[in-house]
There are 2 protein chains.
Amino acid sequence: MKLEQATIKDIARELQVSSSTVSRALKDYPGISDETKRKVKEMAEKLNYRPNAIALSLRKSRSFTIGVIIPEVVHFFFSTVISGIEEVAFSRGYNVILTQTNEKLTREKSSIDTMLSNQIDGFLVSYSKETTEFSHFSKLLDQGYPIVFFDRVPEIQNAIHVIVDDYAGAYEATKHLIQQGFSRIVHLAGPSNLKISKERSRGYSDALRDHGIPFLPELLVECTQGTDEEAHKITTKLLQSLSPRPDAFFANNDLAAVGAMMACKAAGYAVPNEIGVVGFSNWQFCSIVDPSLSSVAQNGFRIGATATEILLDWIEKKINLEDIQTSVVLATELLVRKSSVRIQNT
Amino acid sequence: MKLEQATIKDIARELQVSSSTVSRALKDYPGISDETKRKVKEMAEKLNYRPNAIALSLRKSRSFTIGVIIPEVVHFFFSTVISGIEEVAFSRGYNVILTQTNEKLTREKSSIDTMLSNQIDGFLVSYSKETTEFSHFSKLLDQGYPIVFFDRVPEIQNAIHVIVDDYAGAYEATKHLIQQGFSRIVHLAGPSNLKISKERSRGYSDALRDHGIPFLPELLVECTQGTDEEAHKITTKLLQSLSPRPDAFFANNDLAAVGAMMACKAAGYAVPNEIGVVGFSNWQFCSIVDPSLSSVAQNGFRIGATATEILLDWIEKKINLEDIQTSVVLATELLVRKSSVRIQNT
DNA sequence: ATCGTTACCGCAATCGTGTGCATAAATTTT
DNA sequence: AAAATTTATGCACACGATTGCGGTAACGAT
């Protein structure tokens, strides 16, 4: 069935030379005559020779492959990160092997196992929501295994990670709402066990404080799921129960923001004139919802690309571990669209 | 730095037995005493032994890895497919190595090369828009290399592929619009060199014909980009130039549908009461735009899962090539939301 | 005492490639 | 012409795991 791939030995047999000569000729080693090199290369071409990367991996104990572990692929942010990873890995001659954990810890661990078996050169990880204990990572780090975390990063000593400035992003978003004249601003927060959620909440409350608006606990609501339905329900309830009613929503993610926006519209409020809304992540759909959704952009592509650059530098020992700053924080950018900008009444 | 992984030899040395004995003991071969097996397994545990998949691949010329080649990762449909692929591959003990071509032919070819070097067991491919000639695939197929195509499938003899029933989906969508009382239905078509676009256009025109509505060439407009901006422009122009104006839009993809919808709203028409809109693909945002967008769902997860099942069966020789139907067509489902259902006037 | 049987286990080759060392031939130096 | 050096190539082993074949000891049977 499957046609055998030509090997170095085949070339050697064909040309009546040793396989070591072939190996060296192909790599333009000194000490091989030009004549031989030419012949070898011709024959390699003719037999459609392709070096066996597996054999090479075995020999060098290097696979030129990096493992990516993420919660889920079908997610605008993560797929963007993957794209950045893939781009850099490809350009530097590495393969990417990918697994999604579906937010399961067991899956995370078994993925690590199979990847280790496959002698991958390093990991890029955003861990699952179930992961609360990080010994399976720290064990590897102690062995000197390169791991770069992104987005969701563990609180391990010296764990290298790439994140965005969630605090600043949330601060800017909140400040923007305040400057638009909103003052009873609800924050639909993410699960409080994730560091990113905490940072965003902190940015929210600091912005309030810095602008002389008191922080009210009843305006900070945790959305554990982060779906639009959940946000819709919560928002509807808040609009009824709070008095005076909230006049703006800053959500931990865009889906929740849309849910909140829908709920506001359903309750008869005009967005943005009566209620302002800002999301977080700048998902694709931000510009096509009505009104278009202001959001804090986190450049997933850059996160992936940066994390990969660091990982590969580490793998190739281009950098000393001591010289790496453990935390790379990328800037966020507030993209102001219609959902948060009050239309001037003339 | 990186701690050496324990090998079979390490266990052998520690226990003063040969490595063959260790290998056999670990696999519960007959002819090894229970005592030895116990000791070997204990030592393996103690040394944290992990089989070297690379060495195994070399020995067996099998890598238990499949290669996935897609145009781009950041795309709702494709990321869903990846998810399906990953799920099945994982459950059957295979790794997934991923590359995106960014719609470039050269990238497609070089990805194939590096994957071949890595001795992957088979390919899952959706080819790039630049690819018009398929010899780099057919060459591999001739060598008996397993390749399963999905979504975008080439017209090669005997190429196995998994697609959705674009024709039926488009037919149903058009029929639905007709049944809602729309009759001047515009089709915003995709690039005509892709088979999927052609199929969808065919479904559109056949549905018209079967319901006694004449097919008008001016109502079939090709959107080469498929973006919302492009659709917005085209729609705006059509609304002005055509008389009587179109009363419905069936788009080749959801983004274009949203663009059309926006344009209708901007021109002062009510969706769905004055103008109906239906998209194709059922992207995530369909349910959160306003009004929610009716769309033809193509189950990306199932496409990925099915394609992977077929590929792995093929690889494992569970099926004969002759027994595989070259074309697996999955059903589409029209999801009716608000954008296409006229609200009854009481 | 010899043979046959069984139970355990080791030797050595293999997968494809890379590389230190040895070797032979060709060339230059003395 | 002999010695020294350069040039070109091959041998053998390593990477880690698997496996056909053969070996050895113990035991029982004759």
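Residue numbering restarts at 1 for every chain, and letters A, B, ... go by the order of the sequence lines. Values below: all heavy atoms of this structure, side chains included; hydrogens, waters and symmetry mates excluded.
Base engagement by B:S20 is indicated by at least one non-hydrogen atom pair under 4.0 Å involving a base atom. At a threshold of 4.0 angstrom between heavy atoms, the contacts of A:P30 with the nucleic acid are absent. Here B:Q119 lies out of heavy-atom contact (under 4.0 Å) with every strand. Within 4.0 Å (heavy atoms only), B:S57 reaches no atom of the nucleic acid at all. Contacts of A:S19 with the nucleic acid, taken as non-hydrogen atoms under 4.0 Å apart, are absent. Across all strands, A:K9 comes closer than 4.0 Å to base atoms (heavy-atom distances). Using a 4.0 Å heavy-atom distance criterion, B:S33 is classed as a sugar-phosphate-only contact. Heavy atoms of A:L58 sit under 4.0 angstrom from at least one base atom. B:V22 comes within 4.0 angstrom of no nucleic acid atom, judged by non-hydrogen atoms across all strands.
Look at CG on A:D28: it is 16 Å from C1' on C:dG18, rounded to the nearest Å. Straight-line distance from the CG atom of A:D10 to the P atom of C:dG16: 8 Å, rounded to whole Å. At whole-Å resolution of the value, CD in A:Q16 and C1' in D:dA8 are 17 Å apart. The distance between atom CZ of B:F64 and atom P of D:dA17, rounded to the nearest whole Å, is 16 Å. Atom CG of A:L26 is separated from atom C1' of C:dT19 by 15 Å (rounded to the nearest Å). Separating the CZ atom of A:R13 from the P atom of D:dG10 is a distance of 15 Å, rounded to the nearest angstrom. Atoms CD1 (B:I8) and C1' (D:dT18) sit 8 Å apart, rounded to a whole Å. D:dA17 atom P lies 16 Å from atom CZ of A:R59, rounded to whole Å.
Between B:T7 and D:dG16 there is no side-chain polar atom (N or O) within less than 4.0 angstrom of OP1 or OP2. An OP1 or OP2 oxygen of C:dC15 is reached within less than 4.0 angstrom by no side-chain nitrogen or oxygen of B:K60. Phosphate contact (OP1/OP2 of D:dT18, side-chain N/O of B:S23, threshold under 4.0 Å): present. Put simply, A:Y49 has a side-chain N or O that comes within less than 4.0 Å of OP1 or OP2 on C:dT17. Between D:dA8 and A:Y29, no contact under 4.0 Å exists linking OP1 or OP2 to a side-chain N or O.
Ion pair B:E133/B:K109 not flagged as a salt bridge, since none of the NZ, NE, NH1 or NH2 atoms sits closer than 4.0 Å to an Asp/Glu carboxylate oxygen. Ion pairing between A:E86 and B:R107 holds under the 4.0 Å rule for side-chain N and carboxylate O. The residues B:E103 and B:R152 are annotated as salt-bridged, a charged nitrogen and a carboxylate oxygen being separated by less than 4.0 angstrom. Between B:E42 and B:K39 there is no salt bridge, since none of the side-chain N atoms of the basic residue sits less than 4.0 Å from a carboxylate O of the acidic one. Taking 4.0 Å as the cut-off between side-chain N and carboxylate O, B:D10 and B:R13 count as a salt-bridged pair. Using a 4.0 Å cut-off between a side-chain N of Lys or Arg and a carboxylate O of Asp or Glu, B:K41 and B:E45 do not qualify as a salt bridge. Salt bridge annotation for A:E130-A:K104: present, with a cationic side-chain nitrogen under 4.0 angstrom from a carboxylate oxygen. With respect to A:R92 and A:E309, a salt bridge is recorded, a charged nitrogen being found less than 4.0 Å from a carboxylate O.
Here the side chain of B:A55 is nearest to one of D:dG16, C:dT19, C:dG16, namely D:dG16. Closest to the side chain of A:L56, from the set C:dG16, C:dG18, D:dA12, is C:dG18. Of the candidate nucleotides C:dG18, D:dT9, D:dA17, D:dT9 has the atom lying nearest to any side-chain atom of A:T21.
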Fill in: Audit row: B:F76, A:F76, ring pair (Phe, Tyr, Trp, His ring centres under 6.0 Å) steps and yes/no
CA-CA 7 Å; B:F76 180 68; A:F76 180 68; over 10 Å; no
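Inter-axis angle, ends of the helix from C:dA1-D:dT30 to C:dT30-D:dA1, five pairs per end, rounded to 10 degrees: 80°.
Side-chain atoms of B:T308 and B:L124, non-hydrogen and from C-beta on, do get closer than 4.5 Å to each other.
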Practice prompt. Classify every nucleotide of nucleotides 21-27 of chain C by which part a protein heavy atom approaches to under 4.0 Å, writing B for the base, S for the sugar-phosphate alone and - for neither, in 5'-to-3' order.
Written response: -------
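Rounded to the nearest 0.5 angstrom, B:Y127 OH and B:L105 CG are separated by 11.5 Å.
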